[in-house]
Peer 1: 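What follows is a single structure, and I will ask about it in a moment.
Note on naming: letters A, B, ... go to the chains in the order of the sequence lines (proteins, then strands), and numbering restarts at 1 for each one. As the structure is a prediction and not an experimental result, all values here were calculated from the model.
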Protein chains: 2
Amino acid sequence: MKQDSRLSATLHVLLHMADRGAPMTSEELAVCLGTNPVVIRRTMAGLRETGLVRSEKGHGGGWTLARALDAITLGDVHRALGEPALIALGHRSESPQCLVEQAVNAALGEAFAEAEALLAGHFDRVRLSDLAADFSRRFDERRQVHAKHDKAL
Amino acid sequence: MKQDSRLSATLHVLLHMADRGAPMTSEELAVCLGTNPVVIRRTMAGLRETGLVRSEKGHGGGWTLARALDAITLGDVHRALGEPALIALGHRSESPQCLVEQAVNAALGEAFAEAEALLAGHFDRVRLSDLAADFSRRFDERRQVHAKHDKAL
DNA sequence: TTTCATGTAACTTTTAATGTTACATGATTG
DNA sequence: CAATCATGTAACATTAAAAGTTACATGAAA
């Protein structure tokens with residue numbers, strides 16, 4: 001199953017934008033992700049419509065966050081991406097004649113809905129500011145390791 | 001995102017096999033699913049190795065359940081299929097250098113693991129006999145509707 | 001007016017599931 | 001034993017969605 005990494009990529013990009021504080025071009029963001037600028041524009045287009053980011057053309061232009069990090073949840077981003085499916089498994093047919101398949105769909109559908117609700121709920125509770133805080137923690141941790149290393153020399 | 005319907009298809013097939021009570025050929029099972037016999041053989045090969053089904057060649061041959069319906073969970077079937085991914089979303093890179101991406105992976109990974117555990121747990125608690133019971137309920141329901149209809153004529 | 005950046009259409013590539021064809025192997029039946 | 005039936009499997013083709021690419025239009029700033 002080919003996995004959809006748009007949410008992951010978008011979160012990555014949004015955090016870099018917040019970290020920068022100034023507009024970032026699609027080109028710069030594409031380098032962050034190791035991808036193509038057009039992929040960035042395509043992905044960000046949905047976020048702009050939802051009011052999560054803004055774009056500016058011309059010199060000094062690029063992408064900026066339209067809201068504070070603590071005003072954007074993972075759920076907001078997921079919805080802005082068009083709510084791609086969370087569960088990798090599916091039914092063979094949505095409204096089957098066969099009673100056996102109906103029973104299978106009912107059992108699986110219930111399980112899928114449960115997991116999807118859990119995940120969606122989690123997404124709605126986590127804010128980009130939470131990720132940014134975790135990033136800062138990792139950053140400080142690395143700095144301490146480096147300081148220790150420098151001292152040892 | 002293209003969804004994986006092998007679990008759904010396999011459950012469907014296993015219930016039909018149980019319902020029949022005699023060996024069913026790949027051809028017959030393929031008709032149930034509206035697919036190709038080779039797809040059936042390919043899918044069932046894994047289940048045979050795990051001891052969920054048996055296959056017999058030649059006249060009167062075909063596929064049979066190797067265990068009772070209440071001795072097979074959805075989890076057993078999922079594992080026999082090679083444990084395909086349950087979550088449709090993924091990371092861009094598994095062990096990124098970038099601290100931002102590490103923070104993203106950590107946050108998403110936790111959410112994914114939670115949902116996956118919930119789904120896997122659900123699968124381990126549901127048996128094929130539960131689905132068969134639901135099928136029987138649907139079957140009786142339909143019979144009653146038909147009886148009522150016949151009476152009305 | 002040149003340069004930089006987004007906006008977007010159209011296309012190719014990639015990947016995994018799914019479907020198909022062809023043929024070998026083994027079991028049953030007459 | 002030979003014909004038939006069924007699985008076993010390799011080697012393809014097809015499909016669908018993400019991802020990547022190319023080309024060019026649009027608009028803003030220097």
Peer 1: Could you tell me how far apart B/Arg41 (CZ) and C/dC23 (C1') are, to the nearest whole angstrom?
Peer 2: 12 Å
Peer 1: Could you check which of C/dG19, D/dG8, C/dG7 has an atom nearest any side-chain atom of A/Trp63?
Peer 2: C/dG7
Peer 1: Classify the nucleic acid contact of A/Gly62 as base, sugar-phosphate or nothing, counting any heavy atom under 4.0 Å across all strands shown.
Peer 2: sugar-phosphate
Peer 1: Taking the side chain of A/Val38 as heavy atoms from C-beta outward, which of C/dG7, D/dA19, D/dA23 is closest to it?
Peer 2: D/dA23
Peer 1: For the pair made of CZ in B/Arg92 and P in D/dA18, what is the distance, rounded to whole Å?
Peer 2: 14 Å
Peer 1: Answer yes or no: is there a donor N or O on one side and an acceptor on the other, between the side chain of B/Gln3 and the main chain of B/Ala88, under 3.5 Å?
Peer 2: no
Peer 1: Counting only N and O atoms by type, is there a donor-acceptor contact under 3.5 Å from the side chain of B/Arg92 to the main-chain atoms of A/Leu33?
Peer 2: yes
Peer 1: Out of D/dA11, C/dA17, D/dA18, which nucleotide sits closest to the side chain of A/Arg6?
Peer 2: D/dA18
Peer 1: Tell me whether A/Arg137 is salt-bridged to A/Asp134, with the criterion being a basic N under 4.0 Å from an acidic carboxylate O.
Peer 2: yes
Peer 1: Tell me: CZ of A/Arg42 to C1' of C/dT12, nearest whole Å?
Peer 2: 11 Å
Peer 1: Under 4.0 Å between a side-chain N or O of B/Thr25 and OP1 or OP2 of D/dA6?
Peer 2: no
Peer 1: Starting from C1' on D/dA17, measure out to CD on A/Glu83 and report it in whole angstrom.
Peer 2: 18 Å
Peer 1: Are A/Arg54 and A/Thr64 linked by a side-chain donor-acceptor pair shorter than 3.5 Å?
Peer 2: no
Peer 1: For A/Asn36 and D/dT22, what is the distance between atoms CG and P respectively, to the nearest whole Å?
Peer 2: 8 Å
Peer 1: Taking the nucleotide of DNA chain D with the closest heavy atom to each, which residue, B/Gly61 or A/Gly58, is nearer the 5' end?
Peer 2: B/Gly61
Peer 1: Regarding C/dT3, can its base be found pairing with the side chain of A/His59 as donor and acceptor, where the two atoms are less than 3.5 Å apart?
Peer 2: yes
Peer 1: Closest-nucleotide mapping onto DNA chain C: is A/Gly60 or A/Ala45 further toward the 5' terminus? I mean the 5' end.
Peer 2: A/Gly60
Peer 1: Mind checking B/Arg54 for me? I need base, sugar-phosphate or nothing, with any heavy atom below 4.0 Å counting as a touch.
Peer 2: nothing
Peer 1: Does C/dA17 have OP1 or OP2 sitting under 4.0 Å from an N or O in the side chain of B/Ser5?
Peer 2: no
Peer 1: Closer than 3.5 angstrom, by distance alone: can the side chain of B/Thr50 be matched with the main-chain N or O of B/Gly46 as a donor-acceptor pair?
Peer 2: yes
Peer 1: Write down the distance between CG (B/Leu81) and C1' (C/dA17), rounded to a whole number of angstrom.
Peer 2: 13 Å
Peer 1: Testing A/Arg127, A/Arg67, A/Arg125 one by one against A/Asp76 for a salt bridge (Lys or Arg N to Asp or Glu O under 4.0 Å), which residue passes?
Peer 2: A/Arg67
Peer 1: Examine D/dT7: is either OP1 or OP2 under 4.0 Å from a nitrogen or oxygen in the side chain of B/Ser26? Give yes or no.
Peer 2: yes
Peer 1: Once you round it to whole Å, what is the distance between C1' of D/dA16 and CG of B/Asp4?
Peer 2: 14 Å
Peer 1: Closest nucleotide of DNA chain D for A/Thr35 versus for A/Lys57: which of these residues is on the 5' side?
Peer 2: A/Thr35
Peer 1: Kindly say whether, by distance alone, the side chain of B/Arg48 makes a donor-acceptor pair under 3.5 Å with the base of D/dG8?
Peer 2: no
Peer 1: I need the CG-P distance between A/Leu7 and D/dA19, as an integer number of Å.
Peer 2: 11 Å
